[in-house]
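I have placed the structure first, in the form of structure tokens, so that the comments after it can refer back to it.
Lettering of chains follows the sequences in order, A, B, ..., and the numbering in each one begins at 1.
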Amino acid sequence: MSPTAPHPAPAPHGTHGSPEGDRLVGRSVRRREDPRLLTGRGRFVDDIALPGMLHAQFVRSTVAHARIAELDLDGIREVPGVVAVFDAADLGLADIAARLDRPLHEFVPTDMPILARDRVRYVGEPLAIVVARDAYAAEDGIEAAKVRYDILPPVVSDTAALAPGAPLVHDAAARNTLVDVAMFATEGIDDVFAAAPCVVEVHTTTGRQNALPLETRGAVAAWDAKEDQLVLHTCTQTPHQVRTVAAACLGLDERAVRVVVPDMGGGFGQKCVVGREEIAAAAAALRLGRPVKWIEDRKDALTASFLAREQRYDVRAAFAADGTILALDADVVCDMGAYSCYPFTAGIEPLMASAEMPSVYKVPAYRVRGRAVTTNKAPTAPYRGVSRPQYVMVVERLMERAARELGIDAVEIRRRNVITEFPYTGVNNITYDPGSYLESLDLCAKVLHDEGWYAAKEQAAAEGRHLGIGYSCFSERTGYGSTAFAARKMQVVPGFDISEVRMDTTGALTVTTGTQNHGQSHETTMAQIVADELHVDLGKVRIHQGDTERITYGWGTFASRSIVVGGSAVQRAAAKLGAKLVALGAHLMDAKPEDAELGAGCVRLRAEPERTVSYERIAEAAYLRSNLLPDGIEPGLSATASFDVFDDGTFSNATHGVVVELHEGTGRVEILRYVCVEDCGVAVNPQVVEGQCRGGIAQGIAGALFEQITYDAQGEPSATSFMDYKVPTAWEIPDVAIHHLETPCLFTTTGAKGAGEGGTIGAPAAVLNAVNDALAPTGVELDSTPITPETVQRALESRP
Amino acid sequence: MTDTSSRENHLLITLDVNGEQHEILVEPRRTLVDVLRHDLGLTGTHVGCEHGICGACTVLADGKPVRACLMFAAQAEGTALRTVESLGDGCGGLGDLQQSFTEHHALQCGFCTPGFLMLAEGFLAECPDPEPDEIREVVAANLCRCTGYQPIAEAIGHCAARRLKEK
């Protein structure tokens, strides 16, 4: 296996396509989304303005935990411009209920009310919706709310939540535990630890973060009297799931709800769960008979939207003297905040960590306990990577710690442990499809050697400077199908996707997919797949997403599923349409279907390829001259196909190598070099894959070094603006050198694996390891993130 | 209830946006970005934080990048404003800066993009031959959550180089 050749030259925007043989998959085709987004003609949810539209904001709890003694909204109604205000009793909505099919000792069901009824569980929890003539007046209205609280003691950390006698966030959840699973207790694992020559431990915490799409959440809801239907424009990664919840909460038939997704300014997981505010806005619109818009402001986005990432790991690993890992024993606690999110539940993080922690290594014995605890903080949602940034960091720390104890090189110890023979079924009962774990590691180390960073490190040490080199080696399961999600025992099981490909009378193609682009370039990459399948110009293909009336069904975009599952559904539907085109084309040439095949924009005879009939002529027959159709072929040209993954998905993999310098005096961690060797199988559009890598790495670095939402002892969030929540800029995020390896996926026609999350997964581990390498002379080792300047400075000062 | 649309609390102002004059009645507290987006329908300028950090609302005022969320519309009277809608080749196609952005995949979701475009447009007008570090510093003025910034810096550098070559 070797790095792929340099990418072919990019093709321009969709006007030129690929004639037959000149495949578009694998080429950095220019993005078809770009022209509108570059000219200000994108249409995001806040760009929607409907006649008579009103604007909503929310009265939110100012305390972390309390019974609501009195909610007096009368003053709000007096505020100029305010049209209405509703609390939970006024709207009478059903709660959002996320469930796992697990016994009570493993999963405690809790519901999330749309508006708090009698009790608030975090600062920012919505109590009432204020609807006004404009957003200014709505905010004026909020100021006039009078709320009297009977304060309850808040639970503001996972350790406090689990402490004996802790106050309960939900009365039903003893010890504040929503999920508690013990898995994979390999027989004899305690004996392995007892006998092992080397046992290392890592105790890690990771900070609470915000996925932080630049576009905050928002919705515009309106009743369409002609269609007898609620139209909910909302920026969601999962439109059909929002429809299901909206219908359930509002008591409507699902038919009577249409969810439409405009352009989206990012999501990263925060928008793949159903938000209570979008449902409340819809309820207000129904009550008032007028369109209602809600746009979350940044303060609410930072404090009251879905947060992420806060976890604790207490893990030990046993190693043989030669560095071979013998056993892994882990206790994982995830601080999920106040509520379970729909559809994933609070199980999303502990179940991911528990199922997949052995990572890219041949771990023969494994035991894990995974817990989700509830606290008086804003609830969490999956965020790009979902537990993998954390457990990869833990496992990579274990590797480096064992390497240090055993006197083995940090790269070498990984070489001795990575999976090299595929398919490999792990101790966690997951079967890993072929990847380039060893090859990516070797190439990444070679690049840093060849670029002279090891020599630079020695030189720096001689000058009293602190350079360090760190790695992370990891995989990323992509294309989770329904069996994988069912294994998590979700009651609502995501997985498949459905696509329709339709040709019009001019031969142009309309393609639907249930995936939901929010920056991933699906309008381009999915079109590349269809254009190749049907041998048409890219300009003939238009991808449509994000409208539950137009899209048969889908599970949206999360878990790096889109190109694997959605891309395969698109390809299958196109192939099915291709078969109909062949049958019709053959008939128009008085030939048998088996004697014909698809050519460039035409059907041709295999034996006489110069005899062709164009798609336009076939389409004309299918629609405008159906008298020409043979018996048994229906008019029209469309095909629908679905795709699901019935095995363990497909694993992308990568190695990241990072060089840092620690600055004495300020404790600043400067990233001098970042190298990523990635393998996502066949890259449908290499430039897009590189974009996913770079953006993911930037978010991983953000978590490793900068971002953290903290709370004081009363549960008051301390980060309420970008002045307190440090989102890294171009100063902090380095350029990233990307090298590609290509181990094709065996079950996708394109050979593509998912590529959405790897960057975020690998970056924290590599950065932390590099910092620890630079700190080696001090004897201090850091295991937690964010790595603050203060921590680094103290460590530097502690050296002998 | 008093009627907020009563004109007493409002100011009649004239804004010069993309070469067009707009006479509008606004509340004194109404921000420039809200007027551009919701009163004038120029929704290309976006709102990311409303406190001047993210830069998604960056527009040009007399050629200089400003945060339209930090200005009241009334403060913008008498300045020549330019928004992302003014960029382009004049025939609905992409201008050279926009072209450079798409070539370098300098946008993914595209939400921060108009802010970066106006920031770069103002910067390149003032500094047509920038050093890489100067570009990096300017790019650091705004937030992007998708790209990791590298392609944005590359796109701006490439556009500058192309302009110099064509001079």
Between CG on residue A:Leu214 and CZ on residue B:Arg145, distance to nearest 0.5 Å
8.5 Å

Honestly, the part of B:Tyr149 sitting under 4.5 Å from a heavy atom of chain A is side chain

Grab the two heavy atoms, one from B:His51 and one from A:Arg298, that are nearest each other, plus how far apart they are.
CE1-CG, 3.8 Å

Among B:Val139, B:Ile53, B:Leu107, residue most engaged with chain A (heavy-atom pairs, under 4.5 Å):
B:Leu107

Which atoms of A:Thr39 come close to chain B, meaning under 4.5 Å heavy atom to heavy atom: side chain ones, backbone ones, both, or neither?
both

Please rank B:Thr43, B:Leu42, B:Val84 by heavy-atom pairs under 4.5 Å with chain A and give me the top one.
B:Thr43

side-chain contact (heavy atoms from CB on, under 4.5 Å) between B:Glu27 and A:Asp134, worked out
CA-CA 12 Å; B:Glu27 273 190 274; A:Asp134 61 26; 4.0 Å; yes

Whether the side chain of B:Gln108 engages the backbone of A:Gly691 through a donor-acceptor N/O pair (distance < 3.5 Å, no angle test) should be reported.
yes

A:Arg309: which residues meet the side chain to side chain donor-acceptor pair (under 3.5 Å) condition with it, sequence neighbours left out?
none

Under 4.5 Å heavy-atom distance to chain A, tell me which part of B:His104 shows up: side chain, backbone, both or neither.
backbone

Between B:Glu50 and chain A, which part of the residue has a heavy atom less than 4.5 Å away: side chain, backbone, both or neither?
side chain

Who wins among A:Gly695, A:Gly267, A:Ala730, A:Ala698 for the most heavy-atom pairs under 4.5 Å with chain B?
A:Ala730

The interface call for A:Ala211 against chain B, heavy-atom contacts under 4.5 Å, is backbone

How many angstroms lie between atom CG of A:Leu212 and atom CG of B:Leu143, to the nearest 0.5 angstrom?
8.0 Å

Residue A:Ile733 versus chain B: region with a heavy atom under 4.5 Å
both

Would you mind telling me which of A:Cys693, A:Gly42, A:Pro728 has the largest number of heavy-atom pairs within less than 4.5 Å of chain B?
A:Pro728

How would you list, in number order, the residues of residues 68-76 of chain B that have a heavy atom less than 4.5 Å from chain A?
none

Which one of B:Leu97, B:Thr113, B:Asp34 has the most heavy-atom pairs closer than 4.5 Å to chain A?
B:Asp34

Counting heavy-atom pairs under 4.5 Å to chain B, which of A:Gln520, A:Met264, A:Arg43 comes out on top?
A:Met264

Testing the basics here: between B:Gln150 and A:Val736, what is the closest heavy-atom pair and its distance to 0.1 Å?
OE1-N, 2.7 Å

Can you tell me how far the SG atom of B:Cys146 sits from the CD atom of A:Gln692, to the nearest 0.5 Å?
8.0 Å

Ranking B:Gly110, B:Ala140, B:Gly148 by heavy-atom pairs under 4.5 Å to chain A gives rank one to B:Ala140

Nearest 0.5 Å, please: how far is CG in A:Asp46 from NE2 in B:His46?
9.0 Å

Under the criterion side-chain contact (heavy atoms from CB on, under 4.5 Å), I'd like the reasoning laid out for B:Arg37 against A:Asp47: C-alpha separation, chi angles, the key distance, then a yes or no.
CA-CA 8 Å; B:Arg37 288 177 48 75; A:Asp47 301 340; 2.8 Å; yes

At a 4.5 Å cut-off on heavy atoms, which part of B:His105 comes close to chain A: side chain, backbone, both, or neither?
both

Flag the pair B:Glu103 / A:Arg30 as yes when at least one side-chain heavy-atom distance between them is below 4.5 Å, and no otherwise.
yes

A:Asp140 portion near chain B, given a 4.5 angstrom heavy-atom threshold:
side chain

Got more than 12 heavy atoms from elsewhere within 6.0 Å of NZ, A:Lys299?
no

CG-SG distance between A:Asn517 and B:Cys109, expressed to the nearest 0.5 angstrom
9.5 Å

Is there a donor-acceptor pair under 3.5 Å between the side chain of A:Glu215 and the backbone N or O of B:Gly48?
no

Using a strict 4.0 Å threshold on nitrogen-to-oxygen distance, state whether A:Glu139 and B:Arg29 make a salt bridge.
no

Under a 4.5 Å heavy-atom criterion, the part of residues 114-124 of chain B in contact with chain A comprises B:Pro114, B:Leu117

With a sphere of 6.0 Å drawn around CD of A:Glu670, does it hold more than 12 non-hydrogen atoms of other residues, nucleotides or ligands?
yes

For chain A, which residues of residues 127-138 of chain B have heavy atoms nearer than 4.5 angstrom:
B:Asp133, B:Arg136, B:Glu137

Under 4.5 Å from any heavy atom of chain B, what part of A:Phe44 do you find: side chain, backbone, both or neither?
side chain

Chain B contacts, top residue of A:Gly519, A:Ser721, A:Gly40 (heavy-atom pairs, under 4.5 Å):
A:Gly519

CZ/B:Phe101 to CG/A:Leu37 distance, rounded to the nearest 0.5 angstrom?
12.5 Å

Looking at B:Gln21, I'd like to know if its CD atom is crowded, meaning that more than 12 non-hydrogen atoms belonging to other residues, nucleotides or ligands lie closer than 6.0 Å.
yes

